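Reviewing the structure listed below.
What you see is a predicted model; the values in this text were computed from it and never measured. Order of appearance sets the numbers: ligands from 1, and atoms from 1 within every ligand.
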Amino acid sequence: MDLNGLNTVQKEAVCAVDGPILVVAGAGSGKTRVLTYRIANLIETHDIFPSNILAITFTNKAASEMKSRIESLVGPVSNQMWIGTFHSICVRILRRDGEKIGYGSDFVIYDTTDQKSALKSCYKELNIDEKMTPLKTYQFKISGAKNDMLTPEAYEGLYGGDFREREFIKLYKRYQAKLKQNQAMDFDDLLLKTLELFQKHPDVLQMYQNKFKFIHVDEYQDTNRAQYELVKYLSGRYHNLFVVGDGDQSIYRWRGADIRNIQEFEKDYVGAKVYKLEQNYRSSQNILSLANSVIKNNPNRRDKMLWTDAAEGDKIQYYKAYDEKDEARNVIEQIKKQIRDSGYSLSDFAILYRTNAQSRAFEDMFMLEGIQYKVLGGAKFYDRKEIKDLMAYLKLIVNHQDDVSFLRVINEPKRSLGDRTIEKIQIYASANQMSLFDACGHAVEIEGISGKALQNIQAFYKMISGLRMRLESEFVTTLYDDLIEQSGIVRAYELEKTIEADGRIDNIYEFRVVVEEFEKRSENPNLRDFLAETSLVSDQDSLNDSDDAVLLMTIHASKGLEFPVVFLVGLEDQLFPSFRSMDDEEALEEERRLCYVGITRAEKCLHVSHAKNRNHFGRYEARIPSVFLKEMDAQLMEGKDGMPEIKTYGDKKTKTISFFDIQTPKKKSNLRSAAPQRVKAPENTAEHFSGYKAGDKVTHKTFGSGMVVSMDQAKDMITIVFDAHGIKKLSASMAPLKTVD
Ligand SMILES: Nc1ncnc2c1ncn2[C@@H]1O[C@H](COP(=O)(O)OP(=O)(O)OP(=O)(O)O)[C@@H](O)[C@H]1O
Ligand SMILES: [Mg+2]
């Protein structure tokens, strides 16, 4: 096997075969690359069967990237290997063997929204007031208990105490019972139930221990207790466990991740070999030094040497914005400038922020300018109402027991069924111990349901049962098409005749593309697997590599990824670090690690910014720059737009001057340029404009056909009136426009 793409230590780690192995190293040092090569090497050089290999990654995207890299190294035999996230591996195990602990292979997976609806009905049944205890509070508490592997009973044993704890325990028990009754599991359950299966059925565990002779885990620093145990169980026989990670990038403490798992690996796995990688291949020297100037403020960390062969590179670009709109405006100006001056394309840029809500200011500005962008995670595709509805339909087709999905779609689109009618179905179902859907099969017997309501319920029952009968024999796309047709969901939106409804119809067809793609890539496509896969779509997964668009995502979602140019925005106290962490030392350290992750995503160029004012939940507030910004080594940075240039102060004597000490300079003459720096129009802009003139007919990728109204060369702006979307001002050089003859 060709190991030329590796340095000496990387090679040693790749070639180590037996026993527990830990690779610890800073960001961008090739940990994921080593893990990938090692798997290929096991197959190629040591003739290990791919079916004896397990690789656990942090996101589905990382899994599919690894799959294709391994496939390119060893060919299609790689298909027999298990690669996936903890959750998807557990789904696979439970689909095969879950019946031993009382789950049919058709169990459904509840995402956070389903989880909330289930909780909501538990609240109702137990008379818990949502105003006193928001759903989120107990949802979080349940997840916390599960991450610590505490069942309701175990939790009760530990914290039986006061009224609120007793209320919580009651709720936790009811919630678990409800899930069981619906043949459903939430994300945390997937891990717990797998562990339960292994504990109760040693023969099943043994089978998997024998199968997975070689086990790999990427991003090991972010494993929680349950994940740690799972790995421990699976590797219990052969002890061939290969994990890679970086303590400085542990950013999921709030989800129960325990940094000690990596710190104590050598104790947990006796005889473990440890490799440390020190060369960074991702970032320029300036970016690395900046990352170090921040992370070194965390006490209790192992200091790592991280160096690079790469040149110093560009200075870090700093921008103090007036408010969040100005921050977004600056980002777009910089993107345009770098595209013109340095030949980058849109997909080379990523905007990273602390909270999802920050994306809006950027989205608005991108839309205004007609620049393609993509938001990873957040309230995008899979969170949309119509997609949730369709998922619920599909879930109900697969699993009739699923009351949560039933309630979501029974009256969607409207079937003239009032709350009273639904209540009657609920009463009948619970009296006869059947699911709500099954109760619909007995609708004639239900007191008080007759006429139109009865007909509609029966039609609904017939439709879902009919689709279910064809589950095994039909293409998933055919089922999907028939569902749309028979449920009347599109027709109902068509009747609304609003732009919003049109958008929803578009999404429903967009979702069909998702189904179709699934069908193309799976060996044995079926609806159950489709649902399992889509329920697990994590933040990173809506990313489609081929599209040329600027990427927007939270720093959490950017883990493991890399981009030529990164904008780290919103560096303000209370936002980043988040307000929750301000008085909690450990939480603040976690935020600092998050900042380290953000900085180290950048390859060539990093921009950091903060706003002096920000609209925060509808209030306009003055903001204080982030403590992390103060920690960043000022000498590596370059100011802009009215800010003093940091470089001017970069002589040796003033080396320790903090970035913020120099914001109000005494001597003006020290400033290199205090005047706002205008982006110089590049030589060839005229050509862009000479391409268009007022009256030209054009087409735009998103807005369709339209006519040029006017142009402003200095601002790189072109105004177009679109047939279907009205007047838009777009960037002349970047908007995806074509002239029509
Ligand atoms: N020996 C090498 N020669 C050339 N490029 C390398 C080498 N090792 C790693 N790289 C490249 O460096 C970049 C970072 O590697 P990789 O993503 O594996 O790092 P990582 O340690 O997993 O980072 P992170 O901590 O962010 O997950 C990738 O583009 C990878 O292809
Ligand atoms: Mg990695």
Among protein heavy atoms, which sits nearest to atom 3 (N) of ligand 1, and what does the distance come to when rounded to 0.1 Å? Tyr281 CE2, 3.5 Å

Examine distances only and state if a side-chain atom of Asn280 and a backbone atom of Ala27 form a donor-acceptor pair shorter than 3.5 Å. yes

If you draw a 6.0 Å radius around NZ in Lys276, do more than 12 non-hydrogen atoms from other residues or ligands fall strictly inside? no

Partner of Gln279 by side-chain contact (heavy atoms from CB on, under 4.5 Å), out of Asp309, Thr308, Leu306, Val9: Asp309

Quick one: which of Glu562, Gln249, Arg282 has a heavy atom closest to atom 29 (O) of ligand 1? Glu562

Give the atoms of ligand 1, by number and element, whose distance to some non-hydrogen atom of Gly5 is under 4.0 Å. 1 (N), 2 (C), 3 (N)

Looking only at protein heavy atoms, which one is nearest to atom 18 (O) of ligand 1, and what is the separation? Arg33 N, 2.9 Å

I'd like to know if the side chain of His216 reaches the main chain of Leu241, judged simply by a donor and an acceptor atom lying under 3.5 Å from each other, with no hydrogens or angles considered. no

Contact between Ala25 and ligand 1, counting heavy atoms under 4.0 Å? no

Checking Lys232 against Tyr269: charged group under 6.0 Å from the ring centre and within 45 degrees of the axis? yes

Going by the atom numbers of ligand 1, which of them fall below 4.0 Å from some non-hydrogen atom of Gly560? 27 (O)

Does a side-chain heavy-atom distance below 4.5 Å link Phe576 with Gln358? no

One finds that the ligand 1 atoms under 4.0 Å from a non-hydrogen atom of Leu6 are 1 (N)

Ligand 1 atoms in contact with Asn7 (distance to a heavy atom under 4.0 Å): 1 (N)

Nearest to atom 20 (P) of ligand 1, what protein heavy atom do you find, and at what distance? Lys31 N, 3.5 Å

How far is atom 22 (O) of ligand 1 from its nearest protein heavy atom, and which residue and atom name does that atom have? Thr32 OG1, 2.7 Å

I want to check something: taking the side chain as every heavy atom from C-beta on, are Leu636 and Met632 in contact at a cut-off of under 4.5 Å? no

Give the numbers and elements of all ligand 1 atoms closer than 4.0 Å to a heavy atom of Gly30. 9 (C), 15 (O), 16 (P), 18 (O), 19 (O), 20 (P), 21 (O)

Have a look at Val550 and tell me which of Leu346, Asp348, Val565 forms a side-chain contact (heavy atoms from CB on, under 4.5 Å) with it. Leu346

Parallel, tilted or perpendicular: which describes the rings of Tyr208 and Trp82, with under 30° parallel and over 60° perpendicular? perpendicular

Atom 1 (N) of ligand 1: which protein heavy atom is closest, and how many Å away? Gln10 OE1, 2.8 Å

Hey, does Arg601 sit under 4.0 Å from ligand 1 if you only count heavy atoms? yes

